[in-house]
Amino acid sequence: MKILLPFALLAAVSVCGLGEKDQRTTSEPPANVVVKPAQDRDAVKRQLVSLANEITTAAKDGDVNFLAKATTDDFVFTDVDGSVKSKNKALAEVKEERAIKTFDISNENLVSLDESTAVLTYTLKVTAKNGRSARAATTDTYVKKDGKWMLKSEQQTLLK
């Protein structure tokens with residue numbers, strides 16, 4: 001059953017400019033600094049989990065067109081068996097999975113997020129029509145292009 005499906009540490013220590021103190025009493029940034037609104041981590045997490053579900057559904061259904069649009073040109077997939085596939089190779093292997101009954105994404109965690117990249121980890125459980133199931137720890141890396149999140153890489157590790 002193959003399913004194609006992804007730490008910013010902020011330091012506030014000021015080492016440079018010891019002895020220099022900002023005399024301003026307001027917390028407003030200087031006029032020449034562009035302040036971008038912080039991304040809502042929960043909203044981005046929901047968006048990426050939704051996208052992971054859409055990608056998994058497309059892979060299950062054999063929807064190569066959706067997968068081609070949802071992944072970057074340099075997409076790389078590392079399967080549970082350790083094989084690494086380029087976008088073209090991964091898409092060539094996609095077919096409708098008639099043996100799969102259901103899949104479930106759980107334990108979602110937005111590991112890192114900045115303006116143009118995000119890493120999402122989760123557990124993917126796939127249940128076959130014969131009742132057998134398998135779980136994989138999955139790490140998806142997304143990049144934002146033209147305001148849209150796209151899957152750049154995915155790695156799955158089989159869980160026992």
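When a residue number appears, it is its place in the shown sequence, counting from 1. Bear in mind the structure is a predicted one, so any value in this text is a computation, not a measurement. Hydrogens, waters and symmetry mates are skipped; everything else that's a heavy atom, side chains included, is used.
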Practice task
Please report the shortest heavy-atom distance between Phe75 and Glu154, naming the atom on each side.
Solution key: CE1-N, 4.0 Å
Practice task
Take Trp149 and Val44, measure what side chain to side chain contact (heavy atoms under 4.5 Å, CB included) needs, and give me the verdict at the end.
Solution key: CA-CA 10 Å; Trp149 288 108; Val44 171; 4.1 Å; yes
Practice task
State the CZ-CG distance between Phe66 and Asp61, to the nearest 0.5 angstrom.
Solution key: 11.0 Å
Handout entry: For Ala136 against Gln156, the heavy-atom pair lying closest together
Key = CB-CB, 4.1 Å
Handout entry: Side-chain touch Val84/Val76, heavy atoms, less than 4.5 angstrom
Key = yes
Practice task
Take Lys125 and Ser133 through the test side chain to side chain contact (heavy atoms under 4.5 Å, CB included) and record every step on the way to the result.
Solution key: CA-CA 7 Å; Lys125 180 181 179 185; Ser133 64; 3.8 Å; yes
Exercise for the section: Show your working on side chain to side chain contact (heavy atoms under 4.5 Å, CB included) between Leu51 and Leu151 and close with a plain yes or no. Expected result: CA-CA 9 Å; Leu51 182 54; Leu151 186 60; 5.8 Å; no
Handout entry: Distance (rounded to the nearest 0.5 Å) between Leu158 CG and Leu124 CG
Key = 11.0 Å
Handout entry: Contact check, side chains of Tyr122 and Val49, non-hydrogen atoms, under 4.5 Å
Key = no
Handout entry: Point-to-point distance, once rounded to the nearest 0.5 Å, from CD of Glu93 to OG of Ser83
Key = 7.0 Å
Problem - Shortest non-hydrogen contact between Arg135 and Thr123, atoms and distance - result: NH1-CG2, 4.1 Å
Practice task
Quick one: pull up CG in Asn109 and CG in Leu120 and give me the separation to the nearest 0.5 Å.
Solution key: 7.5 Å
Practice task
Heavy atoms only: give me the nearest Arg41-Leu110 pair and the separation to one decimal.
Solution key: NH2-O, 2.6 Å
Completion exercise
dist Leu91:CG -> Asp63:CG (nearest 0.5 Å) comes out at 10.5 Å
Handout entry: Lys144, NZ: over 12 other non-hydrogen atoms inside 6.0 angstrom
Key = yes
Problem - Heavy atoms from other residues, nucleotides or ligands near NZ of Lys129 exceed 12 (cutoff 6.0 Å) - result: yes
Exercise for the section: Give a yes or no on whether the backbone of Gly131 and the side-chain of Lys101 come within a donor-acceptor separation of less than 3.5 Å. Expected result: no
Handout entry: Shortest non-hydrogen contact from Leu113 toward Ala118
Key = CD1-CB, 3.9 Å
Problem - Ionic contact status for Asp74 with Lys152, cut-off 4.0 Å - result: yes
Practice task
Please answer: with hydrophobic residues joined when any side-chain heavy atoms are less than 4.5 Å apart, are Val119 and Val143 in the same cluster?
Solution key: no
Fill in the blank from the handout: All heavy atoms of Lys85 vs all of Asp79, minimum pair found to be NZ-OD2, 3.4 Å
Practice task
Look only at the side chain of Thr56 and the backbone of Ala52, and say whether a donor-acceptor pair between them is shorter than 3.5 Å.
Solution key: yes
Exercise for the section: For residues Asp104 and Thr102, determine if any side-chain heavy atom of one lies less than 4.5 Å from a side-chain heavy atom of the other. Expected result: no
Practice task
Please check if the side chain of Asp146 supplies one atom and the backbone of Lys148 the other of a donor-acceptor pair under 3.5 Å.
Solution key: no
Practice task
Please report the C-alpha distance between Asn88 and Ser86 in whole Å, then the side-chain angles of each, then the deciding distance to 0.1 Å, and finally whether the side chain to side chain donor-acceptor pair (under 3.5 Å) criterion is met.
Solution key: CA-CA 5 Å; Asn88 290 339; Ser86 67; 5.4 Å; no
Practice task
Could you state whether Met150 and Ile55 fall into the same hydrophobic cluster, counting links through intermediate Ile, Leu, Val, Met, Phe, Trp or Tyr residues with side-chain heavy atoms under 4.5 angstrom apart?
Solution key: no
Handout entry: Derivation and outcome, side chain to side chain contact (heavy atoms under 4.5 Å, CB included), residues Thr141 and Thr117
Key = CA-CA 7 Å; Thr141 301; Thr117 63; 5.6 Å; no
